[in-house]
Participant: 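The following block contains the structure, expressed as structure tokens.
On a predicted model such as this, the values are computed, not experimentally measured, just so you know. Chain A is the first sequence line, chain B the second, and so forth, proteins listed ahead of strands; every chain is numbered from 1.
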There are 2 protein chains.
Amino acid sequence: MAVSEQFKDGFAQLPAGSFDKDCPTRPVMAQVTGRWGALIIAALVPGPMRFSGLHRHIGGISQKMLSQYLKSVVRYGLVERLVEPTVPPQVTYSLTPLGQSLAQQLCALLSWFSANTPALEAAQQRYDAADSPAR
Amino acid sequence: MAVSEQFKDGFAQLPAGSFDKDCPTRPVMAQVTGRWGALIIAALVPGPMRFSGLHRHIGGISQKMLSQYLKSVVRYGLVERLVEPTVPPQVTYSLTPLGQSLAQQLCALLSWFSANTPALEAAQQRYDAADSPAR
DNA sequence: CTGTATCCTACCCGATACTG
DNA sequence: CAGTATCGGGTAGGATACAG
């Protein structure tokens, strides 16, 4: 396997091919790490949810974006779309096994951001204060 | 701490505030999970690197974007910028402790994508074949 | 070598209105 | 309820040229 092996301890195998301009994961990454991708996946972790539920749960997202991102993640096999033939129609979204395994990574990332928000904000203030007061 | 507690096993504490429209981590997330953020952080994991090194290492990135993203991650305290007063000037970028801790999450994510590329591609083909042949 | 400045294009995304 | 269609603004991002 073409994976770098001389990395420091604690860092398992790293991308390697991820830096390739034509790496096929680039488009998927772009979607999942896009503005709403991670939040949608994360929102489905506790359990399946309906369209309107997601719309309510994820603050600030528009119907258009929700619909668009959902289509993507369904296409990638991360989320399953289940239509109940009732009237009015009910559509339930849930994580596939693949999606759940990704969700673990995403949750870890979101948790990291939550936990380190203070440090990040402090760094910004330090930077802005020290450097460009005039700009 | 305002963290949901009724989650399935295997999923530690999840965002909670991450779904808030005004969550302060949103802008940081947008940058770090932007198109180049993760790749830049990941590229610095093996060790410090110069501007030109990063430019060569990360396929497809332009000088403008590299410069712009670097400024962001430095501002967030994730990366340190070290200028050697030589001529021509040499600028070395390296991960701060904060950046290294983030890098672990990011590497895990990149690794996940590398490992699951086949599954993702298969899902796409299945989706495209089953659904919209005419489009 | 390490950037910055400028121009320009594409598309991300939101608001609104409409369909089934 | 669960979307799609359309319009339009803002900005991400690339190419090029230039500066320190």
Side-chain angles (χ1 to χ4, degrees), chain A residues 19 21-23 26-40 43-44 48-75 79-94 127 131-132 134-135, chain B residues 19 21-23 26-40 43-44 48-75 79-94 127 131-132 134-135:
Chain A
F19 298 107
K21 185 164 76 75
D22 301 318
C23 177
R26 286 270 179 99
V28 194
M29 277 279 293
Q31 269 297 323
V32 174
T33 71
R35 184 160 176 192
W36 304 109
L39 290 177
I40 289 178
L44 290 173
M49 208 177 302
R50 305 248 305 273
F51 186 89
S52 52
L54 288 167
H55 194 207
R56 251 177 286 112
H57 190 64
I58 304 175
I61 194 171
S62 66
Q63 278 195 346
K64 176 184 172 182
M65 286 299 104
L66 180 56
S67 171
Q68 186 173 305
Y69 271 83
L70 279 173
K71 212 181 295 176
S72 286
V73 290
V74 168
R75 191 170 103 102
V79 168
E80 189 182 11
R81 183 176 187 270
L82 199 75
V83 183
E84 306 274 356
T86 64
V87 56
Q90 287 193 186
V91 181
T92 305
Y93 294 92
S94 57
Y127 184 95
D131 196 15
S132 50
R135 197 250 184 143
Chain B
F19 298 107
K21 186 162 76 74
D22 301 318
C23 177
R26 287 268 179 100
V28 194
M29 277 277 294
Q31 268 297 322
V32 174
T33 69
R35 184 159 177 195
W36 304 109
L39 290 176
I40 290 179
L44 289 173
M49 207 177 301
R50 305 248 307 275
F51 186 89
S52 53
L54 288 167
H55 193 209
R56 251 178 287 112
H57 191 63
I58 304 175
I61 193 172
S62 66
Q63 280 195 343
K64 176 186 172 181
M65 284 301 105
L66 180 55
S67 172
Q68 185 173 306
Y69 271 82
L70 279 172
K71 213 181 296 177
S72 285
V73 289
V74 168
R75 192 170 102 102
V79 167
E80 189 182 12
R81 184 177 186 269
L82 198 74
V83 183
E84 307 275 357
T86 64
V87 55
Q90 287 192 186
V91 182
T92 306
Y93 293 92
S94 57
Y127 184 94
D131 195 17
S132 51
R135 197 256 183 134

Participant: Return the value, rounded to whole Å, for the distance between atom CD of A/Glu84 and atom P of D/dG3.
Facilitator: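 The answer, rounded to whole Å, is 13 Å.
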Participant: Atom CG of A/Leu39 and atom C1' of C/dC13: how far apart are they, to the nearest Å?
Facilitator: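 Result: 15 Å.
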Participant: Please state how far atom CG in B/Leu82 lies from atom C1' in C/dG3, giving the value in whole angstrom units.
Facilitator: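 Interatomic distance, CG of B/Leu82 to C1' of C/dG3: 16 Å.
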Participant: Atom NE2 of B/His55 to atom C1' of D/dA15: distance rounded to whole Å?
Facilitator: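 Those two atoms, NE2 and C1', are 11 Å apart.
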Participant: Under the side chain to side chain contact (heavy atoms under 4.5 Å, CB included) criterion, do B/Leu54 and B/Leu70 qualify, and how do the steps go?
Facilitator: CA-CA 10 Å; B/Leu54 288 167; B/Leu70 279 172; 4.1 Å; yes
Participant: Do you know the tightest heavy-atom contact between B/Arg26 and A/Trp36?
Facilitator: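 Looks like NH1-CZ3, 3.8 Å.
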Participant: Between B/Gln90 (CD) and C/dT2 (C1'), how many Å, whole number?
Facilitator: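 That distance rounds to 11 Å.
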Participant: For residues 61-70 of chain B, which residues have at least one heavy atom under 4.0 Å from DNA chain C?
Facilitator: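 The stretch gives B/Gln63, B/Lys64, B/Ser67 as the residues lying under 4.0 Å from the strand, ordered by number.
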Participant: Categorize A/Gly53 for me: base, sugar-phosphate, or nothing, with a 4.0 angstrom heavy-atom threshold over every strand shown.
Facilitator: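 Since no nucleic acid heavy atom lies under 4.0 Å of A/Gly53, the category is nothing.
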Participant: Which atom pair, heavy atoms only, marks the closest approach of B/Phe51 to B/Gln63?
Facilitator: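 The answer is CZ-O, 4.2 Å.
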Participant: Quick one: does A/Thr33's side chain have a donor or acceptor within less than 3.5 Å of a partner on A/Met29's backbone?
Facilitator: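 At least one qualifying donor-acceptor pair exists.
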Participant: A/Lys21 NZ to D/dG14 P: how many Å, rounded?
Facilitator: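 That distance rounds to 11 Å.
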Participant: Let me know the distance between NZ of B/Lys71 and C1' of C/dT2, rounded to the nearest Å.
Facilitator: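 One finds 12 Å between C1' of C/dT2 and NZ of B/Lys71, rounded.
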Participant: Distance check: side-chain N/O of A/Arg35 vs OP1/OP2 of C/dG14, anything under 4.0 Å?
Facilitator: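 A/Arg35 to C/dG14 OP1/OP2: side-chain N or O found under 4.0 Å.
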Participant: If the cut-off is 4.0 Å, is A/Arg81 near the phosphate of D/dG3, judged by side-chain N/O to OP1 or OP2?
Facilitator: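 It does, given that an N or O in the side chain of A/Arg81 lies less than 4.0 Å from OP1 or OP2 of D/dG3.
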Participant: Between A/Ala43 and A/His57, which heavy-atom pair has the shortest distance, and what is it?
Facilitator: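 Taking A/Ala43 first and A/His57 second, the nearest heavy atoms are CB-CD2, 3.8 Å.
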Participant: Looking at B/Gln31 and B/Tyr69, what are the two nearest heavy atoms and their distance?
Facilitator: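 Result for this residue pair: O-CE2, 3.3 Å.
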Participant: Where the side chain of A/Pro89 is defined as all heavy atoms beyond and including C-beta, which of D/dC1, C/dG3, C/dC1 is the nearest nucleotide?
Facilitator: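 Closest of the options to the side chain of A/Pro89: D/dC1.
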Participant: Check B/His55 against B/Ser62 and note the closest heavy-atom contact, atom names and distance.
Facilitator: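 Smallest heavy-atom distance, with atoms named: NE2-C, 4.0 Å.
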Participant: Does C/dG3 have OP1 or OP2 sitting under 4.0 Å from an N or O in the side chain of B/Tyr93?
Facilitator: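 Checking B/Tyr93 against C/dG3: at least one side-chain N or O falls below 4.0 Å of OP1 or OP2.
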Participant: Using whole Å, report how far CD of A/Gln31 lies from C1' of D/dA12.
Facilitator: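 Between C1' of D/dA12 and CD of A/Gln31: 15 Å.
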